[in-house]
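Structure record follows, encoded as structure tokens.
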Amino acid sequence: MNRGDNIFVAGHAGLVGSAIVRRLRALGFDRLLLRPRHDVDLMNASAVLKLFEDERPDYVFFAAARVGGIMANQMYPADFIRENLLVQLSIIDAAFATHVKKLLFLGSSCVYPRLSEQPIREEALMTGALEPTNEAYAVAKLAGIVTCQSFNRQHGTRYISVMPTNLYGEHDNFDRAAGHVLPALMRRFHDAKVAGDQHVVVWGSGAPRREFLHVDDLADAVVHLMQVWGEPDAAGSVVGGPDALNEIVNVGYGDDISIRELAAVLQETVGYEGAVRWDTSQPDGTPRKWLDSSRLRATGWTPSIGLREGIARTYAWFLEHHHSARLGDS
Ligand code: GDP
């Protein structure tokens, strides 16, 4: 990837896409193709093809997706599967038609079987049943991975797939109900502190464990992978091995934490002094989702933002932006 290349960041306004844009700009890549949703509907294949034909991107970071927490996934499974499948085919077809040099597709750690051996290695893909609370989303992401691999096999394209762990950071969705656990709880503790509420309700048993990576670390990793994964290194051997383009890559932080411990860190960061009540009628989801990121580490990449530091940064951002950030009122 060269400075003058035209780079399309699909989903540039979201948590992941906005972090990729910040990272690319910091590295001096400034020919970025960014299109707001009201301008190009990424589910509309002909509109996406026209965008690619008019703008001819060289590289595509595919961070556009319908995403949400455990509750949103359970309430809107049809939206999650159809919107993601439509966007995936529109973008991959257009990338193929216009000879994009390389595309990086963002998957998710929920594509792995619910009861995978921990930490989860890439080889666990499609070896068992999925977690039911986000099955529709996971099946769409699995289809995206296999679409990339199939185009590579049949057409010789260079479409790689990266599986991030649970992410958080600036520009997240802080909706109390639809968001993922970290931003949703940050918001609920904040609102409870401001309102002087006696307690905050947290879902499930608190026992599930999740691995959290700050989105700036994720962006750093994916820009790095776009540049090195499947490319020859200084000694001439292909990074990731001879079939690297068809090998998915996990991007994790390295450690995980229980939801109970996470709630305590969030409560402390926000400075909420009331009580926490566990609503065990809400689902726990998968018991543990801790990625083995040794494939990525072998390329020389490590994360740099610790969880407490990342949460403090996210809360500082939230305080500054919460009037304009994505704060649903559910
Ligand atoms: P998951 O990793 O796909 O399960 O996504 P989530 O981030 O939505 O949920 C992670 C875990 O946090 C699950 O065990 C939830 O039950 C638990 N959790 C506790 N409180 C909340 C909350 O307020 N919102 C969400 N989304 N999850 C919560």
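Just so you know, these numbers come straight off a predicted model, no measurement behind them. Each ligand, and each atom within it, is numbered from 1 in the order the structure gives.
Aromatic ring centres of F8 and F62 lie farther apart than the 6.0 Å criterion allows.
In this view, R209 and D256, E261 satisfy the salt bridge (charged side-chain N to carboxylate O under 4.0 Å, His left out) rule, not counting sequence neighbours. Residues satisfying the side-chain hydrogen bond (donor to acceptor under 3.5 Å, both in side chains) criterion with Y315, sequence neighbours excluded, are H190.
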Inset, instruction - Apply the test salt bridge (Lys or Arg N to Asp or Glu O under 4.0 Å) to residues R176 and D191: give CA-CA distance (whole Å), side-chain angles for both, the deciding distance (0.1 Å), then the verdict. - result: CA-CA 10 Å; R176 279 184 284 254; D191 288 354; 2.5 Å; yes
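Contact residues of ligand 1 (protein heavy atom closer than 4.0 angstrom to a ligand atom; sorted by chain and number): G69, I70, N134, N166, G179, H180, V181, A184, L185, R188, V202, W203, P208, R210, I259, P283, D284, K289.
Applying the salt bridge (Lys or Arg N to Asp or Glu O under 4.0 Å) rule to pairs touching residues 56-72 yields D58-K101, R66-D79, R66-E83, sequence neighbours excluded.
Here the closest non-hydrogen pair linking Y272 and A192 is CE1-CB, 3.6 Å.
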